[in-house]
Structures are given as structure tokens and as C-alpha cells.
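Quick notes on the structure that follows.
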Amino acid sequence: FMDIKEQIGGRITKARKELGITIKELAARTGTLSAARISNWEQGTRKPDPIAAKALADILEVSASYLMCL
């Protein structure tokens with residue numbers, strides 16, 4: 001059983017890899033999020049707040065509710 005942060009991290013990683021971009025590229029595309037922050041989310045140590053989740057979802061071409069496991 002994975003905790004919710006790990007599930008969210010897995011979904012971010014999967015969506016990012018499907019676009020074929022690195023964490024650094026993803027951070028650059030958001031214009032506001034650091035690669036370190038995104039990396040923490042992917043590793044499941046933290047989870048994004050709703051505003052960050054929306055920004056990520058738009059770039060990753062998925063819904064924010066999917067990313068947040070809602």
C-alpha cells in the first residue's frame with residue numbers, strides 16, 4: 001500500500017516521462033517551480049499544493065485531479 005504522496009509522485013513521474021522531458025525541463029516550463037521541489041514530489045517526500053498541482057497538470061497535459069489522486 002503506497003501512501004498518497006507516493007501515488008502523486010508516481011503520477012507526476014509517469015506523466016513527465018510520457019512527454020519525454022526531464023525534471024529540469026519541467027521546472028523551466030512552469031517558470032515558477034524549482035527542479036528540487038518537483039523532485040521532492042516525485043520521490044513522495046512532499047506533495048504539491050493545489051496551485052502548483054494545477055500548474056504541473058497543465059504542462060503535463062493531465063488533470064489536476066488525476067495528479068492529486070482525487
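Here the structure is a predicted model, which means the values were calculated and not measured.
- Among residues two or more places apart in sequence or in another chain, the side chain to side chain donor-acceptor pair (under 3.5 Å) test is passed with Thr22 by Glu25.
- Across all non-hydrogen atoms, the minimal contact from Ala53 to Pro48 is N-CB, 4.0 Å.
- For the atom pair Ile23 CD1 and Arg16 CZ, the distance stands at 4.5 Å (nearest 0.5 Å).
- Residues meeting the side chain to side chain donor-acceptor pair (under 3.5 Å) test with Gln7, sequence neighbours left out: none.
- With sequence neighbours excluded, the residues that form a side chain to side chain contact (heavy atoms under 4.5 Å, CB included) with Glu6 are Met2, Asp3.
- Residues forming a side chain to side chain contact (heavy atoms under 4.5 Å, CB included) with Ala28 (at least two apart in sequence, or on another chain): none.
- The side chain to side chain contact (heavy atoms under 4.5 Å, CB included) check on Ile59 picks up Leu26, Arg29, Thr30, with sequence neighbours excluded.
- In this structure Arg37 satisfies the side chain to side chain contact (heavy atoms under 4.5 Å, CB included) test together with Leu33, Ser34, Trp41, Asp49, Ala52, sequence neighbours excluded.
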Which donor-acceptor pairs under 3.5 Å do the side chains of residues 63-70 make with protein atoms, sequence neighbours left out?
{"from": "Ser63", "atom 1": "OG", "to": "Tyr66", "atom 2": "N", "distance (Å)": "3.0"}

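- Residues that satisfy the salt bridge (charged side-chain N to carboxylate O under 4.0 Å, His left out) test with Lys14, not counting sequence neighbours, are Glu18.
- For residues 61-70, the set of pairs meeting the salt bridge (Lys or Arg N to Asp or Glu O under 4.0 Å) definition, not counting sequence neighbours, is empty.
- Expressed to the nearest 0.5 Å, how far CD of Glu42 lies from OG1 of Thr13 amounts to 3.0 Å.
- Among residues two or more places apart in sequence or in another chain, the side chain to side chain donor-acceptor pair (under 3.5 Å) test is passed with Lys54 by Asp58.
- Applying the salt bridge (charged side-chain N to carboxylate O under 4.0 Å, His left out) test to Arg11 and every residue at least two apart in sequence or in another chain returns nothing.
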